[in-house]
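Counting starts at 1 for both ligands and their atoms, in listed order. All residue numbers refer to positions in the sequence shown, counting from 1.
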Amino acid sequence: WHDKLLGGFRRTSDRLVGNLAGLGGARLEEHTLDEVEEALIGSDLGPETAGRVRARLAEGTFERNMEELGIRLVVAEEVEKVLAQVAKPLGIDAFPRPQVVLVIGVNGSGKTTTIAKLAHLFLEQDYQVMLAAGDTFRAAAIGQLRTWAERIGVPIVTGPEGGDAAGIVWDAVKKATEIGTDVLIVDTAGRLQNKRELMDELAKIRRVLGRLNPAAPHDVLLVLDATTGQNALNQIEVFKEVAGVTGLVMTKLDGTARGGVLVAAAERYGLPIHAIGVGEQMDDLRPFDAREVSRIIA
Ligand code: GDP
């Protein structure tokens, strides 16, 4: 997975080198600082972090031929500081059980796969897991989730295509409570095209959950596709408004040079980042580790 991530990210600071010859023992010149800052912003890192890196570089001096290393180190340190604030594994601590995890995100973001990965992860941690197929809008989504449930070996509550998602959630919570499930992971429709309907549907699911357990949903996870870059940031904006997001999972970090968006998201929204997706298989979910990721980005 480490190689996959590395191959995907393509180090942000690779874009920086090549302009740095002959600076030995000197401060970096203005135009070099400009270039570094622009390259970082171009990597979706966000203007705040890029600005802080620039300010630190402006103060330092670099030995000849050590400029690249020096810059990488500063970028890594600044990135780690930002990411450390939001790196937070998803804990299972709800009482009474089950902990209800609502999973939201636009179609194609990797929502279904992430649900499967989370189920697998919790199962490995010896928790009892159940899935609820609350994305009734797409028949394919129900089928896909059922296939994953069978493969992983967890029970799933489904309904007919076009059925009432809130009804499925109601049934699922009842059943989960009955059999002592620890975690109930709920898929939801990702129709951002129709914000009103999506909002109503999520609100209805919340009402139903609240009637069964006032603390539910305990988590509202937004799944974001890192390859969409800045778009991912817009999605946070919209879903925060329609769904009250409590945390993020960023997918497809194995296939993109745009992982810098993680930093921009952390900086701008401060939402916990629980995990990252680094592939299509059920064990391709990594807990989000600020140090590890900052060393890979930089
Ligand atoms: P959904 O429409 O949001 O439920 O998205 P899916 O879970 O069906 O995922 C869409 C596509 O992205 C599928 O082909 C997945 O295999 C793929 N995918 C999901 N997560 C990852 C990931 O972390 N890395 C890669 N490379 N592909 C992923």
Side-chain angles (χ1 to χ4, degrees), residues 1-10 44 89-90 101-122 129 131-152 154 156 158-159 161 165 168-169 185-195 198 201-202 205 219-229 231-232 234-236 238-239 242-243 245 247-262 265 273-289 292-293 296-297:
W1 70 267
H2 186 272
D3 288 342
K4 271 197 279 183
L5 245 191
L6 195 57
F9 267 131
R10 244 198 291 127
D44 297 320
L90 189 66
V101 181
L102 212 57
V103 183
I104 60 178
V106 299
N107 296 334
S109 61
K111 195 157 46 79
T112 312
T113 314
T114 298
I115 291 170
K117 290 171 176 175
L118 285 170
H120 175 69
L121 178 78
F122 292 138
V129 186
L131 305 184
D135 181 357
T136 56
F137 199 67
R138 297 183 298 168
I142 302 173
Q144 206 187 336
L145 200 64
R146 190 184 284 122
T147 306
W148 273 117
E150 281 163 11
R151 203 182 306 168
I152 300 166
V154 296
I156 179 169
T158 65
E161 183 189 352
I168 291 168
V169 173
I185 310 177
V186 180
D187 192 12
T188 62
R191 290 176 289 155
L192 212 48
Q193 308 84 332
N194 194 333
K195 223 167 103 179
L198 181 64
E201 185 164 302
L202 291 171
I205 290 176
D219 307 282
V220 181
L221 297 193
L222 174 59
V223 176
L224 296 169
D225 175 347
T227 64
T228 65
N231 233 321
N234 300 337
Q235 285 168 23
I236 298 178
V238 177
F239 275 105
V242 304
V245 180
L248 308 175
V249 175
M250 188 95 48
T251 65
K252 309 188 194 179
L253 280 166
D254 51 309
T256 181
R258 312 192 71 176
V261 75
L262 269 173
I273 302 177
H274 297 302
I276 53 177
V278 295
E280 300 187 87
Q281 302 309 314
M282 61 181 153
D283 51 7
D284 288 331
L285 188 77
R286 299 279 310 157
F288 184 65
D289 180 317
E292 189 175 85
V293 171
I296 291 171
I297 288 183

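Val106 counts as a contact of ligand 1, since one of its heavy atoms falls under 4.0 Å from the ligand. For Ser109, the closest heavy-atom approach to ligand 1 falls below 4.0 Å. Heavy-atom separations between Gly190 and ligand 1 are all 4.0 Å or longer. At least one heavy atom of Asp254 sits less than 4.0 Å from an atom of ligand 1.
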Exercise. Before giving the answer on side-chain contact (heavy atoms from CB on, under 4.5 Å), spell out for Trp148 and Ile115 the whole-Å C-alpha distance, their side-chain angles and the decisive distance to 0.1 Å.
Key: CA-CA 9 Å; Trp148 273 117; Ile115 291 170; over 6 Å; no

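Side-chain contact between Leu221 and Leu90: present, with at least one pair of heavy atoms (C-beta onward) separated by less than 4.5 Å.
Distances from atom 9 (O) of ligand 1 to the heavy atoms of Ala140, Gly110, Gly277 show the closest one on Gly110. Between Lys117, Arg138, Met250, it is Lys117 that holds the heavy atom closest to atom 20 (N) of ligand 1.
In terms of protein heavy-atom proximity, atom 22 (C) of ligand 1 is nearest to Gly279 O, 3.1 Å. Looking from atom 8 (O) of ligand 1 to the surrounding protein, the closest heavy atom is Gln144 NE2, 3.0 Å. If you check which protein heavy atom lies closest to atom 3 (O) of ligand 1, you get Lys111 N, 2.8 Å. From the protein, the heavy atom lying nearest to atom 11 (C) of ligand 1 is Lys252 NZ, 4.1 Å.
The line from OG1 of Thr114 to NZ of Lys252 is 9.0 Å long, rounded to the nearest 0.5 Å.
Ile142 and Gly159 get closest at one heavy-atom pair: CD1-O, 3.6 Å. Nearest heavy atoms, Ile205 versus Ala165: CD1-CB, 4.1 Å. Contact detail for Ala139 and Glu161: the closest heavy-atom pair is CB-OE1, 3.2 Å. The two residues Leu131 and Val154 have their closest heavy-atom pair at CG-CG2, 3.9 Å.
Checking side-chain atoms of Lys111 against main-chain N and O of Thr188 turns up a donor-acceptor pair under 3.5 Å. At least one donor-acceptor pair closer than 3.5 Å links the side chain of Lys117 to the backbone N or O of Gly279.
Below 4.0 Å from some heavy atom of Thr112 lie the following atoms of ligand 1, by number and element: 1 (P), 4 (O), 7 (O). Heavy-atom proximity to Gly108, at under 4.0 Å, picks out these atoms of ligand 1: 1 (P), 2 (O), 3 (O), 5 (O), 10 (C). Near Thr113, meaning under 4.0 Å from one of its heavy atoms, ligand 1 places the atoms 6 (P), 7 (O), 9 (O), 15 (C), 19 (C). Every atom of ligand 1 is numbered from 1 in the order shown, and the set under 4.0 Å from a heavy atom of Glu280 is 14 (O), 15 (C), 16 (O), 17 (C), 25 (C), 27 (N), 28 (C).
The part of Val278 lying near ligand 1 is the backbone, judged by heavy-atom distances below 4.0 Å.
Shown here is Phe122, whose CZ atom has more than 12 heavy atoms of other residues, nucleotides or ligands within 6.0 Å.
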